[in-house]
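Everything below concerns the one structure shown next.
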Amino acid sequence: MMRKMTFPLTLAAVAAAGLSRAAHAASGWSLLNMTQGVTAMSRQIYGLHMLMFYLCVAIAVVVFGVMAYSIFTFRKSRGAVADTSLVHSTMVEIIWTIVPVAILVATAVPAATTLIKTEDLRNSQLTVRITGFQWGWNYEYLNSGVSYFSRLDRASDAARQLGSGIDVTTVPHYLLNVDHPLVVPVGTKVRLLITAADVIHSWWVPAFGVKKDAIPGFVNEAWFNIDADKTGLYRGNCAELCGRDHGFMPIVVDARSKDDFQAWLKAEQAEQHPPAASAPASAPAAAQ
Amino acid sequence: MAYSDHAATAHDHDAHDHKPHGWRRWVYATNHKDIGTMYLVFSGISFFIGGTMAMLIRLELFKPGMQFLDPQFFNSMTTMHALEMIFGAVMPAWTGLANWMIPMQVGAPDMALPRLNNFSFWILPFAFTLLLSTLFVPGGAPAGGWTMYPPLMLQGGASFPMTIFAIHMMGISSILGAINVVVTIMNLRAPGMTLLRMPLFVWTWLITAYLLIAVMPVLAGAVTMLLTDHFFGTTFFTAAGGGDPVMYQHIFWFFGHPEVYILILPAFGVVSEIIPTFSRKPLFGYEAMVYATASIAFLSFIVWAHHMFTVGMPLAGQLFFMLSTMLIAIPTGVKVFNWTATMYRGSLTFEPPMLFALSFLFLFTIGGLSGLMLAIVPADYQYQDTYFVVAHFHYVLVPGAVFAIMGAVYYWLPKWTGNMYDLKLAKWHFWLSTIFVNVLFFPQHFLGLAGMPRRIPDYAVQFTDWNMVSSLGGFAFGLSQFLFPYIIWKCVRGGARIGNRAWEGAHGLEWELPSPPPFHSWTEPPSDALIQRGAAH
């Protein structure tokens with residue numbers, strides 16, 4: 001549990017080390033908002049998020065404005081005398097009930113529209129079964145015989161051990177790298193069938209706007225369709241507490257062009273099912 | 001303990017009460033003030049134990065890489081911090097305040113069921129000793145989150161049955177406490193203290209008590225099913241036997257969502273007492289406040305699944321829970337507007353209770369607005385289980401519930417002790433708390449939106465900067481809290497004597513009693529004139 005070290009000294013050392021690091025790396029400070037992502041869906045979610053955010057800011061400006069005005073104007077120290085008759089106003093109370101109702105109805109419409117789209121699983125072109133386990137993921141490309149496991153990469157795993165002595169800032173993509181990423185084609189509606197082998201996990205890639213729980217014994221569905229020009233690596237994490245190494249269960253998606261994906265899938269099939277292994281299957285055909 | 005000093009010396013009129021002295025006074029306590037004091041002291045101790053756990057969490061999260069804690073122990077800390085703060089700190093604080101204030105506010109001599117009151121308090125130290133002792137059993141303390149989702153929770157070691165038994169005990173304590181509140185309010189109100197003359201704190205507690213009676217058995221049922229799944233071969237939450245792990249989440253949150261209103265409704269009551277006092281103006285829209293509280297309580301039963309939008313619910317279910325959740329904004333908005341209107345054209349002064357109430361008003365509203373964002377299902381897919389959620393519920397629970405409790409203590413402490421506390425030091429406590437609670441929790445909004453999941457002991461390096469800010473805010477907030485027991489202790493020991501009415505604008509029956517009040521509050525019912533003067537709305 002707690003390592004036996006002089007506590008205040010350790011704290012001071014950590015603070016000094018941390019602050020000097022913070023002074024060098026400014027990139028973290030600009031991480032303030034949700035990603036817009038690389039799918040039409042994730043951009044729509046981002047738009048909804050910003051709509052709600054600006055709405056909340058507007059409400060806060062009005063409400064906090066009236067509060068601040070009251071606090072600064074009606075001070076006893078400035079000679080304010082309480083108007084004790086001001087205890088009820090049906091008109092005002094109706095207004096501040098009706099206006100929020102109208103605002104909520106106005107926001108519920110785009111929210112419901114987007115939600116309905118996220119649930120539209122028709123016309124998918126590729127299906128991958130994702131199985132969460134303690135602690136990693138299994139990806140299976142349905143009807144192609146390709147499946148493999150995906151875990152935290154070795155460099156991060158070595159660095160994250162208690163007292164490893166490795167400076168984690170030197171590890172590339174610390175805690176966000178895996179040994180075998182999920183490979184998918186861009187410009188394709190990919191359907192995910194998500195389940196789990198042991199406890200509940202949650203598969204989350206912010207850039208796709210997809211987060212879905214992986215529940216043992218049940219299969220959840222989700223989908224994404226990456227923009228055709230957005231090849232690259234997209235990273236995420238398990239989002240549901242799943243035990244000791246929940247924090248060390250990243251997700252990496254390698255989005256490739258359709259051709260590259262097909263080439264990769266063929267190579268994987270060949271590697272996972274070498275021709276020698278398929279010989280017995282062709283034997284009955286030869287006998288006929 | 002506050003009481004014994006004065007009772008022994010200054011107030012001879014208490015001698016006829018024949019109360020036991022020494023340890024018997026506390027172990028055999030049947031007096032609402034003594035039991036209230038014990039609840040509040042217990043709550044304070046839990047606050048510091050749970051706070052220590054939070055400090056360990058923020059220490060490990062100060063920078064990336066694992067420095068101090070094993071990941072399993074880190075998970076135990078997040079789990080125990082939540083259980084300790086919710087069931088050990090906030091709920092007993094409200095019960096303590098209810099014990100102290102409800103009989104005084106409704107014109108009763110004591111709580112209706114004094115021995116039950118003793119029992120419901122004394123269960124708690126045993127429940128929490130049991131819970132905390134899990135830190136020392138093989139496998140360590142529970143680490144599956146305070147929500148205790150199966151199947152993860154079922155992997156727990158020796159701590160598993162101990163945690164469940166501790167939760168059963170806490171549940172029994174809460175139910176008994178709630179029954180006592182309901183019976184006291186329904187049966188012991190002074191003649192003339194009609195329901196719509198009751199102070200808002202009494203109203204909100206009455207509604208809270210009904211919520212407690214309704215949902216604590218649901219929690220007990222959920223954890224009992226976990227217990228039988230683990231030890232007796234049932235499969236309530238195992239798909240292989242025809243069960244469903246998500247069913248646990250539905251049952252848990254059917255308890256869990258009303259639970260968050262159990263934590264916050266009495267805070268609404270306290271703020272509705274404090275703001276009129278220091279605005280020198282009756283509460284705006286008293287009846288609307290009562291109805292808004294009741295509406296929130298009703299809605300709290302039909303929104304539970306918004307905690308689980310990513311479990312794969314049918315579209316219709318997600319739509320229903322999104323819309324019902326958005327509805328809560330209406331009565332909550334009414335409350336915020338009423339508090340603001342109470343200050344409007346008032347005559348405001350800014351003593352410590354008012355400062356805490358104002359901080360509540362601003363910061364709880366921020367938590368409420370982020371809650372509105374969380375209701376939007378597609379956006380919630382991105383927020384769910386991130387630090388955005390952590391920021392949201394800490395805004396409603398720390399500057400929400402906890403600040404309201406502090407405001408309540410600073411409001412009624414002079415009444416309880418007969419002494420005024422150190423106002424200057426209390427203002428220091430307020431400013432340090434309010435500044436650092438924001439340094440602590442505001443950056444967590446950024447972290448969550450940028451993609452940092454909650455309940456992780458280590459994180460990718462791009463999250464370092466805001467985590468450091470949050471941790472530094474956390475340490476400063478934690479240290480500032482030592483002022484609170486010191487100020488209370490100093491006030492208990494002595495201070496400027498105050499009259500019946502500690503605050504110029506204070507109304508209500510508790511301010512008609514001497515400070516400190518007699519051992520039995522209203523041995524003779526207050527006159528109708530007194531009740532009228534108190535209920536000046």
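Throughout, protein chains are lettered first and strands after them, A, B, ... in sequence-line order, and every chain is numbered starting at 1. Every heavy atom of this structure was used, including side-chain atoms; hydrogens, water molecules and symmetry mates were not. None of these values were measured; they are calculated from a predicted model.
Of the atoms belonging to B:Glu287, not a single heavy atom falls under 4.5 Å from chain A. Proximity to chain A is absent for every atom of B:Phe309, based on heavy atoms less than 4.5 angstrom apart. Heavy atoms of B:Asp458 lying under 4.5 Å from chain A belong to its backbone as well as its side chain. With a threshold of 4.5 angstrom between heavy atoms, B:Tyr344 approaches chain A through its backbone and through its side chain. B:Pro443 does not touch chain A: none of its heavy atoms, backbone or side chain, sits under 4.5 Å away.
Within the 4.5 Å cutoff, no side-chain heavy atoms of A:Val87 are placed close to those of B:Leu283.
Here the side chain of B:His392 pairs a donor or acceptor atom with the backbone of B:Gly367 at under 3.5 angstrom. The backbone N or O of A:Leu175 lies less than 3.5 Å from a partner atom in the side chain of A:Ser156, making a donor-acceptor pair.
Using a 3.5 Å distance cut-off with no hydrogens or angles, the side chains of B:Arg58 and B:Ser471 do pair a donor with an acceptor.
Of the listed residues (A:Thr73, A:Asn220, A:Asp198), the one with the most heavy-atom contacts under 4.5 Å to chain B is A:Asn220. The most heavy-atom pairs under 4.5 Å with chain B, out of A:Ile194, A:Ile71, A:Ile103, come from A:Ile71. Among the candidates A:Arg78, A:Gln134, A:Gln161, the residue making the largest number of heavy-atom pairs closer than 4.5 Å to chain B is A:Gln134. Most heavy-atom pairs under 4.5 Å with chain A, from the set B:Leu152, B:Val334, B:Leu154, B:Val336: that is B:Leu152. The greatest number of non-hydrogen atom pairs below 4.5 Å with chain A, out of B:Thr147, B:Asn338, B:Val246, is found for B:Asn338. Note on A:Leu115, A:Leu176, A:Val168: by heavy-atom pairs under 4.5 Å with chain B, the leading option is A:Leu115. Between chain B and the residues A:Tyr174, A:Trp204, A:Phe53, A:Trp96, the largest count of heavy-atom pairs under 4.5 Å involves A:Trp96. Chosen from A:Asp167, A:Ile200, A:Thr35, the residue pairing most often with chain B at heavy-atom distances under 4.5 Å is A:Ile200.
A centroid separation of 6.0 Å or more is found between the aromatic rings of B:Phe278 and B:Phe350.
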